Amino acid sequence: MFDLTATDYQAVALSVRVALTATLLSLPGGFLAGALLSFGRFRGRALLEGLLNLPLVLPPVVVGYLLLLLLGSNGLLGGLLAKTGLRIVFTWWAAVAASLVVGFPLLVRAVRIGLEEIDPRLLQAARTLGASRRDTLISIVLPLSGRALLAGAGLMFARSLGEFGATIVLAGNIPGLTQTIPLAIFDYINTPGGEGRAMTLCLLSVALSLAALLGNEALLGKWAKRSRS
Amino acid sequence: MSLSLALQKRFENFRLDVDFRIEGKRVGIFGRSGSGKSTLVHLLAGLLEPDGGAIRFGDRILYDYGRRLCLPPDQRRVGVVFQHSHLFPHLSVEGNLLYGFRRIPKIRRRIDPADLCRVLDIAHLLPRSVHHLSGGERQRVALGRTVLADPQLLLMDEPLTGLDEKLKYQIIPYLNQVLTEYDIPLLYVSHSMNEMRLLVEEVLVLDGGRLVDRTTPDNLARQRMKDCPMGYLNFLRLEDPQPRDQLWSYRWGSQRLMLNQEPAAGDNLFTLTARDILLFRRHPESISARNLLRCTVREVFDLGPRVGVELDCGGRQLITQMMPPAVTELDISPGNDLYAAIRADAFRRLY
């Protein structure tokens, strides 16, 4: 049934690679942002929270377009990168950047929920034992947020697998280079007689996402058992 | 220690406003729940910022509103043992114990962890997960963890509340030994009169966020004995147990007492309620109670409907209570000699 062409294989491999890279790259920032929002008491906290959550509600095409303006060769960041010979737009890194921005709020949300379960009195105990704020974050909060990070990473990975709108604007739809599974499906649908292949990739996409979510759940369950014993 | 503090902190429906200076080595903060004891601990440790005032410990200023100075908790060197030990769940017992120790510069480390583990009898627990400790063990580990961080002042916030009666008092000898061995000043917060009497020299009484009294633990116990159904509890530290006539004979000062309680390893501390002591004007020729002590009345004090009597039994103090007619009948007044009868089974072991 899974009769895949070489470009289909490339699309699947690229999807996994992009999702994995985006997830791993966003973990440190996701943890810090989650910790800042959970424990931080500072001005502009609500604004920061709003900005972080914005990609969740904006149309992905808008996110893609804004990223294009930022990372394009005439953009603020893109211009700087161009001077060092780096180009992001229309490379697979653009797909990573799109997934990163769109998936980040989901990661932060999951991390935050996890962090808020940590007893604040443990942090107080650490402070009275001579640990500074930063030390407490690294020695107490980080080890206790493994489960939260795993849950967030799972969500982010699954979301990245399905990222379409921002990716097509920022990375284009170049088979073998920036074409992920959703983009390949989009291509097949627009090609007369491509319905069969589109369906094959759809099923593969469902299987992959489901496997990611179930695998994540299983890991979370194992983690919970370990921290209880 | 020399701790002076003047602090104000306002909450929605509570206001703490205290101003005092402490000089003793072991001081208790006594009060009902909601009197502001825990707030005071949090303010002292730097976990809560006061609305105004100042805290000075020795020659160090921990907080001064006027100078806009507020040392963070990690720079105060004020160790806290909380009611619920708050051990770190991701670390082993050893990891917990060494948490603060590892954060002291090597040159300043003065307490040997192995030594402390021996004093607290927790060496065998080191590799264990903190999820596998009993309540008493948890509190001993929490105490060890705090002491190893080498605080200049040890705050204990109801550390024994929540432990069952038997365990509770088993920790006190450990605590006493640690405080003596490492010479750490203690500020002990509790609503338990017994803990105060066993641990501190001076008691500050808080009520409604204000300091209402400062006194000795024994005076506090006498003041409150009329409200307590058991009356006053006499604490007797007994020594040299020897079996005799199916009972145990212990030395108490210059005399011996007969108890039906077997000795324990280490200290033998017993309680005796004031109402378990019967007084006789003259020697009763024969009596079922196994203890008959010759004693002198030192003081008679008013207890509302009853009268409290302080006795001198061979240099040791006993406090008993009686109804006013009995005082007249037995002619109880300071300087008079009496006999006190105590049953062998009236003693309760504390630890």
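Letters A, B, ... mirror the listed sequences (proteins, then strands); counts begin at 1. Bear in mind that the values here come from a model prediction, so they are computed numbers and not experimental data.
- Scanning all heavy atoms of the two residues, the minimum distance from B:Pro89 to A:Leu144 falls at CG-CD2, 3.8 Å.
- Between A:Ala131 and B:Tyr99, the shortest heavy-atom distance links the atoms CB-OH, 3.4 Å.
- Few gaps surround CZ on A:Phe90; more than 12 heavy atoms of other groups in view lie less than 6.0 Å from it.
- Enclosure of atom CZ in A:Arg41 by more than 12 non-hydrogen atoms of other residues, nucleotides or ligands within 6.0 angstrom is indicated.
- Side chains of B:Pro73 and A:Gln124 form no contact here, defined as non-hydrogen atoms less than 4.5 Å apart.
- Around the OH atom of A:Tyr65, the shell of radius 6.0 Å holds no more than 12 heavy atoms that belong to other residues, nucleotides or ligands.
- The environment of CZ in A:Arg134 is sparse: at most 12 heavy-atom neighbours from other residues, nucleotides or ligands sit within 6.0 Å.
- Counting heavy-atom pairs closer than 4.5 Å to chain B, the top residue among A:Thr136, A:Leu122, A:Asp119 is A:Leu122.
- Atom CG of B:Leu47 sits about 10.5 Å away from atom CG of A:Leu123, to the nearest 0.5 Å.
- In terms of heavy-atom pairs under 4.5 angstrom with chain A, the leader among B:Arg145, B:His84, B:Arg76 is B:Arg145.
- Around atom CZ of A:Arg159, more than 12 heavy atoms belonging to other residues, nucleotides or ligands sit under 6.0 Å away.
- At a 4.5 Å heavy-atom cutoff, B:Ile104 makes no contact with chain A through either its backbone or its side chain.
- Inter-residue side-chain proximity for B:Arg103 and A:Leu129 is flagged as unmet; no heavy-atom pair is nearer than 4.5 Å.
- Residue-environment remark: CZ (B:Arg109) exceeds the threshold of 12 foreign heavy atoms within 6.0 Å.
- For CZ of A:Arg43, the number of neighbouring non-hydrogen atoms (other residues, nucleotides, ligands) closer than 6.0 Å is 12 at most.
- Contact of the A:Ser139 side chain with the B:Phe88 side chain is not registered, since no non-hydrogen atoms from C-beta on lie closer than 4.5 Å.
- No part of B:Arg102 comes within reach of chain A, as not one of its non-hydrogen atoms sits under 4.5 angstrom from that chain.
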